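Scroll down for the structure; my scribbles are underneath it.
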Amino acid sequence: MRLMLSALCLFFGTLHADITWFTRYDEAVAAAQRAHKPLMLFLTRPQCKVRRFMREDVFTDPDVAAYLEAHFIAADIWNDHESLPKKYRVTASPVFTFLDAEKDEIVEQVVGGKPPSRFLETLHSVIDDNPGFQ
């Protein structure tokens, strides 16, 4: 019974850890506008070491993944991808740019990675500090 309960927890934890990622800016903006959600751009470079940490340790955290999926549209885009407008390109990596997609404006930017609990605080802060997102 205990083994079965552990397997169910692992299964449902995995389901909640899934984040829908867009890889093109224009598709992500359209999805955010349709869903009336803010857009989180995860802007990185191929050689970014923090990218792996965020993908393997932070975005797989069930609490982070569930909150991100419920409140944001997420886009994982190389900083020099042709679909990314020049005004959003940055030199640091990674940079999390939170956008109001309907107004095409940045509401917050965060540079660098954070452990799951601190990244979750950042996500909550973006939602709490912008009444239009609630």
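Computed from a predicted structure; not experimentally measured.
- The CZ atom of Arg89 sits 5.0 Å away from atom NZ of Lys86, with the distance rounded to the nearest 0.5 Å.
- Of all the heavy atoms in Glu69 and Thr20, the pair that sits closest is OE1-N, 2.9 Å.
- A donor-acceptor pair under 3.5 Å is absent between the side-chain atoms of Asn130 and the main chain of Phe133, judged by distance alone.
- Checking Leu43, Val111, Thr44 one by one against Ser93, the side chain to side chain contact (heavy atoms under 4.5 Å, CB included) holds for a single residue, Thr44.
- Ile19 contributes atom CD1, which lies 4.5 Å from atom CG of Leu68 (distance to the nearest 0.5 angstrom).
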Show the numbers, then the answer: is there a side-chain contact (heavy atoms from CB on, under 4.5 Å) between Phe22 and Val29? CA-CA 9 Å; Phe22 289 85; Val29 168; over 6 Å; no

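- Looking at every heavy atom in both residues, Glu82 comes nearest to Arg24 through OE2-NH1, 3.5 Å.
- Atom CG of Leu39 and atom CG of Leu41 lie 4.5 Å apart (nearest 0.5 Å).
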Apply side-chain contact (heavy atoms from CB on, under 4.5 Å) to the pair Ser125 and Glu108, showing each step before the final yes or no. CA-CA 10 Å; Ser125 174; Glu108 192 165 337; 4.3 Å; yes

Can Ile106 and Lys87 be said to form a side-chain contact (heavy atoms from CB on, under 4.5 Å), step by step? CA-CA 10 Å; Ile106 295 173; Lys87 68 180 179 179; over 6 Å; no

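- Atom SG of Cys48 is separated from atom CH2 of Trp78 by 8.5 Å, given to the nearest 0.5 angstrom.
- Contact detail for Leu84 and Asn79: the closest heavy-atom pair is CD2-O, 3.4 Å.
- Side chains of Tyr88 and Asp104: a donor-acceptor N/O pair is present below 3.5 angstrom, by distance only.
- Taking the side chain as every heavy atom from C-beta outward, Ser117 and Asp61 never approach each other to under 4.5 Å.
- Put simply, Val58 and Val126 are part of the same group of oily side chains (I, L, V, M, F, W, Y) that touch within less than 4.5 Å, one to the next.
- Of all the heavy atoms in Pro115 and Phe53, the pair that sits closest is CA-CZ, 3.9 Å.
- Side-chain rings of His81 and Tyr25 stay apart, their centers remaining 6.0 Å or farther from each other.
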Decide yes or no on ring-ring contact (aromatic ring centres under 6.0 Å, His included) for His124 and Tyr67, but give the supporting numbers first. CA-CA 8 Å; His124 279 277; Tyr67 194 83; 4.0 Å; yes

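- Both Ile127 and Val64 are part of a single hydrophobic cluster, where members link through side-chain heavy atoms under 4.5 Å apart.
- Annotation: Arg52, atom CZ; neighbour count of heavy atoms from other residues, nucleotides and ligands within 6.0 Å does not exceed 12.
- Contact detail for His71 and Pro38: the closest heavy-atom pair is O-CD, 3.2 Å.
- Expressed to the nearest 0.5 Å, how far CZ of Phe96 lies from CZ of Phe72 amounts to 11.5 Å.
- For Val110 against Lys114, the heavy-atom pair with the smallest separation is CG1-CE, 3.8 Å.
- For the pair Lys37 (side chain) and Ala74 (backbone), a donor-acceptor distance under 3.5 Å is absent.
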CA sep, side-chain torsions, deciding dist, call: Arg55, Trp21, side-chain contact (heavy atoms from CB on, under 4.5 Å): CA-CA 11 Å; Arg55 296 288 291 179; Trp21 289 99; 3.2 Å; yes

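- A distance of 11.0 Å separates CG in Leu123 from CG in Asp63, rounded to the nearest 0.5 Å.
- Val95 and Phe98 are assigned to two separate hydrophobic clusters, defined by single-linkage of ILVMFWY side chains at heavy-atom distances under 4.5 Å.
- Between Phe59 and Phe119, the distance separating the two ring centers is shorter than 6.0 angstrom.
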